[in-house]
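Take a look at the structure below.
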2 protein chains.
Amino acid sequence: MESQDLRKAGLKVTLPRIKVLEILESAQQRHMSAEDVYKALLEMGEEIGLATVYRVLTQFEGAGLVSRLSIEGGHAVFELEDGSHHDHLLCVRCNQIEEFIDEVIEQRQRAIAAEKGFQMTDHSLYIYGICRNCQS
Amino acid sequence: MESQDLRKAGLKVTLPRIKVLEILESAQQRHMSAEDVYKALLEMGEEIGLATVYRVLTQFEGAGLVSRLSIEGGHAVFELEDGSHHDHLLCVRCNQIEEFIDEVIEQRQRAIAAEKGFQMTDHSLYIYGICRNCQS
DNA sequence: AATATAAATGAAAACCTTTCTCATTTACAC
DNA sequence: GTGTAAATGAGAAAGGTTTTCATTTATATT
Ligand SMILES: [Mn+2]
Ligand SMILES: [Mn+2]
Ligand SMILES: [Zn+2]
Ligand SMILES: [Zn+2]
């Protein structure tokens, strides 16, 4: 039940928050922009403002319910947080997004930050390319 | 001579292009936003419009003279292209940028793209953190 | 050196995603 | 049920970047 997730996250249980969570949980695409979520809500018959969608997604991010990807050039993309850190491959033709985890890379990043005297707070890695389907 | 670089890149030799190239070559900071370049031009006494700075930087990118970093949340940053690919560490406090190259990461990225059937066209890796100076 | 012409420029408007403002509505503790 | 703080919707605003369009400039040609 979404209400429980919201309460657990310290957020008041409101219709926009329930519906946005529903969308994220049931959507065919795991990675969605605020606009995507907004459109899905409209199709669902829910008249929730885009500003509210942004607000809710940002709150969800703060509460650890979703994470935000900052993709090159474009808009932000959100996905349900499942606790497992991973990075992304993006198809530049069809915008499909795939996920991967690579411990070697994770470890090298930590080593590089340490080497340079940086206290690492975050990192972002995107591999851009043409997915199998889109290779003519 | 900047004129030669421009001609070689197939660009007409104009004052804005020469001056922007001069700025990039002589600036104390290797990574500059369009706004940074614009301000440097003003200090130099050159009244070149911000729109032109953006246009010129984008053309330079197309010509392979500069590369563009798309940093999280903020504005784009440009740097002279020197042929050597590298990635970046960014201080979230002072915005200082450091560079690094890691062949292990590069190779893992290629392997992951291959594994997923992606024809890799590009990749971007940013490590965010607090630099040595900024650690209280 | 003067001319023609396509390209480049400056200023301002437009763009696009995201955030903010503020009046109104809602959730929830009492 | 009531009261109050929090959340919402609509639209304005923000901020970086791009576009538009009239004017200027670089360069090929005479
Ligand atoms: Mn993901
Ligand atoms: Mn660099
Ligand atoms: Zn594809
Ligand atoms: Zn710093």
Side-chain angles (χ1 to χ4, degrees), chain A residues 1-23 31-42 44-63 65-78 95, chain B residues 1-23 31-42 44-63 65-78 95:
Chain A
M1 195 59 175
E2 288 84 10
S3 317
Q4 298 316 312
D5 297 329
L6 290 172
R7 259 186 265 276
K8 217 181 304 175
L11 296 170
K12 272 166 79 164
V13 179
T14 65
L15 192 132
R17 305 217 258 233
I18 292 172
K19 292 302 177 187
V20 169
L21 208 42
E22 263 181 45
I23 295 282
H31 302 91
M32 300 181 82
S33 68
E35 193 77 32
D36 289 338
V37 172
Y38 176 65
K39 283 181 187 151
L41 288 167
L42 286 185
M44 210 180 185
E46 299 294 341
E47 305 235 322
I48 294 174
L50 181 56
T52 299
V53 173
Y54 273 106
R55 270 188 297 239
V56 167
L57 288 171
T58 302
Q59 291 155 349
F60 282 6
E61 185 189 18
L65 292 175
V66 309
S67 50
R68 180 195 303 254
L69 314 193
S70 299
I71 295 176
E72 194 137 314
H75 26 230
V77 171
F78 300 83
N95 297 314
Chain B
M1 196 58 176
E2 289 83 10
S3 318
Q4 297 316 311
D5 297 327
L6 291 172
R7 258 186 266 275
K8 216 182 301 175
L11 297 169
K12 272 166 75 165
V13 178
T14 65
L15 192 132
R17 305 217 257 233
I18 291 171
K19 292 302 176 186
V20 169
L21 207 44
E22 262 181 46
I23 296 281
H31 302 92
M32 301 182 82
S33 68
E35 192 77 33
D36 290 338
V37 171
Y38 175 65
K39 284 181 186 149
L41 287 166
L42 287 185
M44 208 182 188
E46 298 295 341
E47 305 234 322
I48 293 173
L50 181 56
T52 299
V53 173
Y54 273 105
R55 270 189 294 239
V56 167
L57 288 171
T58 301
Q59 291 155 350
F60 282 6
E61 186 190 17
L65 291 175
V66 310
S67 49
R68 179 194 304 252
L69 313 193
S70 299
I71 294 176
E72 195 139 312
H75 26 230
V77 171
F78 300 83
N95 296 315

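Proteins get letters first, then strands, A, B, ... in listed order; numbering begins at 1 in each.
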Side chains of A/Thr52 and A/Arg55, donor plus acceptor under 3.5 Å
yes

Between C/dT9, D/dT27, C/dC28, which nucleotide gets closest to the side-chain atoms of B/Val13?
D/dT27

Could you state the CG-P distance from B/Leu42 to C/dA11, rounded to the nearest angstrom?
11 Å

Nearest-nucleotide pick for B/His75, side chain only, options being D/dG16, D/dA10, C/dT18
D/dG16

Ignoring backbone atoms, test whether A/Arg17 places a side-chain nitrogen or oxygen under 4.0 Å from the OP1 or OP2 oxygen of D/dA7.
yes

Nearest whole angstrom, please: distance from the C1' of C/dA11 to the CG of B/Leu50.
11 Å

Looking at the side chain of B/Arg7, which of D/dT17, D/dT27, D/dT8 is the nearest nucleotide?
D/dT27

Between C/dT18 and A/Tyr54, is there an OP1 or OP2 to side-chain N/O distance shorter than 4.0 Å?
yes

Is any side-chain nitrogen or oxygen of A/Thr58 closer than 4.0 Å to OP1 or OP2 of C/dT18?
no

Judged by each residue's nearest nucleotide on DNA chain C, which is more toward the 5′ side, B/Leu11 or A/Leu15?
B/Leu11

Of the options A/Thr14, A/Leu42, A/Val37, A/Leu41, which is the one that meets A/Ile48 in a side chain to side chain contact (heavy atoms under 4.5 Å, CB included)?
A/Leu41

Of the candidates C/dC28, C/dT18, D/dT19, the side chain of B/Ala51 sits closest to D/dT19

Does OP1 or OP2 of D/dT8 have a side-chain N or O of A/Thr14 closer than 4.0 Å?
yes

Distance below 4.0 Å between B/Thr52 side-chain N/O and C/dG10 OP1 or OP2
yes

